[in-house]
Amino acid sequence: LLTSVSNLPVGTTTFVFRATDLCLNTVDHTFTLTVTNYPPVIENLPASTEISEDVNVETQLYVLTVTDASLADTVTCSITNVSPALAALYLRYATGTSNYAINLRAGAGLNYDSIRTYTVTVECDDTKDTTTGTFTLYILRNQAPVITNLQTTSNSIDVASSSVSIGTNVYTVTSTDLENDQLYYNMTCIPATCPFKIYDSGAILADKSLSGLTDTAYDLFIYVYDGHTLVGPRSLTIKISDINTAPVITNLPTTVSVAENTAATTDVFTVTKTDVNSLDTHTWTSTISPASGSLYFTIDSTTGTVKTSSTNIDYETIGTTSFLLTAYVSDGKASASGTLTISITNQNEAPQFLLSTYTLTGNEGSAGTTIGTPSFSVSDPDAGTTLTYTQSCPELTMNPTTKLVTLSTNYDVDTGSATSLSCTVTVSDGELTDTATLNVIIDNINDNTPTFTASSYSFFASSTADVGTIIASLPATDGDIGTFGDVTYSIDPTSTGANYFGISSTGDLFVASSLSGFYSGQTLAVSLTATDGGGLTDIATVTLIIPAVATTTAITTTDRYLTFFEDTRNVAWFVFVILMTLGLIVLNAYFIVRYVDFHSIKRACERMCRRKRKWKPKRQIISRSPTPIPYVRTPANFEMWNAWRIPESFNPQ
């Protein structure tokens, strides 16, 4: 029996057992024991919780449930990592239990705007195996307190100085907070010498006597704070009902100038005032003389700013150019007034096209061709102003005063030039301008004549050719596009006596009637006319020769020009040229034989050859026989070798 006496180590242990009998015989047996550890288990991770950013006390966030099937193991847990780092997070036993809990220390400094999520890694160890889990902490934004009895717009109360003494509660501000945080109040005051004070309860008390004060109202700007978020300001105006001093206008009388056509609601002048009771509400009004001035000027009832109204100011039609405006300011109890003289000044006004788009039509042509004069409608309030015109299209030229438009370059629609141009036209009075669009339509004209490739042609036409046989394709070209470029063809068969030939719409010359009545070598002539869509024409003459007809082979002359020698007219003058050339050759031969001295030429050649000749010894033949035979040069040998005559004085040595 194998038993344990202490905790077995985790892992594999091998035992060898041996049995021995009385004769000392033995037998061995091996036994392997494997010990397995059960790791700890964190039952309730991963998990998460939320906490407000304004928590400042120590707080238990989450209790861990950790188990271990190995009952004898002791499990310890710890926080191994917090991302981002937060030292205020730690583990300790939950109060009254043996379970670990994740806690947040007091004054952790959580801030929703900086970091909103923390990831905590928890590790539990039984000294043999380790288990980890993740806990996520989400930071919630603090809920700001809310002031409940002061609107975001203006708030005001009236008090009488005679009924308010030091310590009197004139108003109490109330607020709520979802977290029930301790609330704190403070305020600012205009004027700064404020006789009121606010307390943390929200109560506003008079902390000075109101007797003898000259300010009729005090603006209080109130804030509430929950330890994390400051809310405010909310305004409260406390009016002292039994104090008043009349306002005073400080910058009138005076004079201002306003240019005609000044835009509506433009500030002209701001009237200023002073009032000892600085918090009084002031209202501005005005009158103006002549009364027509009220069409052009108003005063802002709150700011005292004189502005132009929506009616345009036109110097040329306004009638009077000077107005007297009287401004009044009131604090509700007393008022003051002052006068403002407004002088209207004349300004140069821009000319203006009455239409945004104009159209002009003309023909294509060479540079300088007149397109026309556009009918611009332009107004200029300033009488007597000279207006000039320009346009933006480089293909055109516009006379700046007469507005006559001409072509600045050669313009041909047939070669791809546009049939319309959109130009920006500018009218100027020398200082101010206005623009409009000028659409110029360029019409295509019939400025190209249809043209055959030659003025005359010659072809063979077999007398046996079938009707419809095409003799030649003679299309004419026309540089025009569109209808003007459409070419039609006609044929004049007068010289043939009948309609033996025709021409198609594409310029193909063909046999229209049988040619069997014509004999070999007979010449016929027809006249072809090409006419374009505008009526321009070109004429070509076609000579047709009836060739000899072979009995065995049909002759096809379709679409072939005559060769040089197939035209009998060419043969005639070619024979004449050949005869003339032969005559000239014979005449030159006669003069050479009759007048040239060939003997003199021969003697001259011989003298020239003797001067240029040099002595060249005859190559000696060397015998390879045992007894060499010397070569003897004799006069006879010399004469045989030299075929030319050599002077007796010649010495070859």
Side-chain angles (χ1 to χ4, degrees), residues 50-57 59 106-116 138-161 163-210 213-244 274-283 300-303 331-332:
E50 298 173 340
I51 191 169
S52 175
E53 64 179 342
D54 61 349
V55 171
N56 287 314
V57 297
T59 304
L110 303 179
N111 189 313
Y112 175 84
D113 293 322
S114 298
I115 301 174
R116 302 179 184 181
Y138 295 100
I139 309 304
L140 301 179
R141 183 186 294 279
N142 174 65
Q143 298 299 310
V146 178
I147 298 175
T148 58
N149 64 338
L150 290 178
Q151 303 300 317
T152 55
T153 56
S154 60
N155 305 274
S156 65
I157 58 173
D158 293 330
V159 298
S161 60
S163 60
V164 175
S165 59
I166 297 175
T168 300
N169 185 338
V170 297
Y171 193 80
T172 299
V173 180
T174 60
S175 302
T176 60
D177 186 82
L178 292 179
E179 293 89 5
N180 294 318
D181 294 333
Q182 172 65 47
L183 301 181
Y184 307 90
Y185 291 92
N186 59 44
M187 74 177 192
T188 60
C189 184
I190 298 177
T193 56
C194 186
F196 303 102
K197 183 177 181 180
I198 191 169
Y199 292 84
D200 287 340
S201 63
I204 300 175
L205 307 179
D207 67 345
K208 295 179 182 177
S209 173
L210 304 186
L213 297 178
T214 58
D215 294 316
T216 59
Y218 294 87
D219 288 329
L220 279 58
F221 299 95
I222 299 167
Y223 301 83
V224 61
Y225 181 62
D226 65 354
H228 190 84
T229 304
L230 182 68
V231 176
R234 295 288 177 87
S235 64
L236 174 65
T237 300
I238 301 178
K239 298 179 180 179
I240 312 300
S241 59
D242 51 358
I243 300 175
N244 184 63
T274 59
D275 193 334
V276 173
N277 310 125
S278 60
L279 297 183
D280 282 355
T281 299
H282 298 85
T283 303
D300 188 288
S301 62
T302 302
T303 64
D331 63 4

Practice item. Step by step, work out the side-chain contact (heavy atoms from CB on, under 4.5 Å) result for Y184 and L230. Key: CA-CA 9 Å; Y184 307 90; L230 182 68; over 6 Å; no

Check your understanding: How would you list, by chain and number, every residue that makes a salt bridge (Lys or Arg N to Asp or Glu O under 4.0 Å) with R116, sequence neighbours excluded?
Key ->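 Scan of R116 (salt bridge (Lys or Arg N to Asp or Glu O under 4.0 Å), adjacent residues dropped) gives none.
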
Does [X] reach the side chain of [Y], with side-chain heavy atoms less than 4.5 Å apart?
X: N155; Y: Y171; result: no
X: R141; Y: D113; result: yes
X: I240; Y: D215; result: no
X: L236; Y: I204; result: yes
X: V173; Y: N149; result: yes
X: N186; Y: Y225; result: no
X: I139; Y: I115; result: no
X: I222; Y: M187; result: yes

Can you tell me how far [atom2] of [Y] sits from [atom1] of [X], rounded to the nearest 0.5 angstrom?
X: T148; Y: R234; atom1: OG1; atom2: CZ; answer: 9.0 Å
X: D226; Y: N180; atom1: CG; atom2: CG; answer: 11.0 Å
X: T59; Y: I51; atom1: OG1; atom2: CD1; answer: 4.5 Å
X: T237; Y: Y218; atom1: OG1; atom2: OH; answer: 12.5 Å
X: T188; Y: L220; atom1: OG1; atom2: CG; answer: 8.0 Å
X: L210; Y: I166; atom1: CG; atom2: CD1; answer: 9.0 Å

Practice item. Can you sort out the partners of P233 under side-chain contact (heavy atoms from CB on, under 4.5 Å), two or more places apart, ordered by chain and number? Key: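 Checked P233 against side-chain contact (heavy atoms from CB on, under 4.5 Å); matches are F221, Y223.
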
Review point. For S154, which residues count as a side-chain contact (heavy atoms from CB on, under 4.5 Å) partner, sequence neighbours excluded?
Key: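 Not a single residue meets the side-chain contact (heavy atoms from CB on, under 4.5 Å) criterion with S154.
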
Check your understanding: Between the side chain of S114 and the main-chain N/O of N111, is any donor-acceptor distance below 3.5 Å?
Key ->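 Not confirmed, S114 side chain does not pair with N111 backbone.
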
Review point. Checking E179 side chain against Q143 main chain: does a donor-acceptor pair fall under 3.5 Å?
Key: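 A pair under 3.5 Å: yes.
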
What's the shortest heavy-atom distance between [X] and [Y], and which atoms?
X: V164; Y: A206; value: CG1-CB, 3.7 Å
X: S52; Y: L110; value: O-CD1, 4.0 Å
X: D207; Y: C194; value: OD1-O, 4.2 Å

Point to revise | Positive for side-chain hydrogen bond (donor to acceptor under 3.5 Å, both in side chains) with T229, one of D177, D181, N142 | key: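 It is N142; the other options fail the test.
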
Practice item. Report the C-alpha separation of D300 and T302 in whole Å, then their side-chain angles, then the decisive distance to 0.1 Å, and conclude whether the side-chain contact (heavy atoms from CB on, under 4.5 Å) test is met. Key: CA-CA 6 Å; D300 188 288; T302 302; 3.4 Å; yes

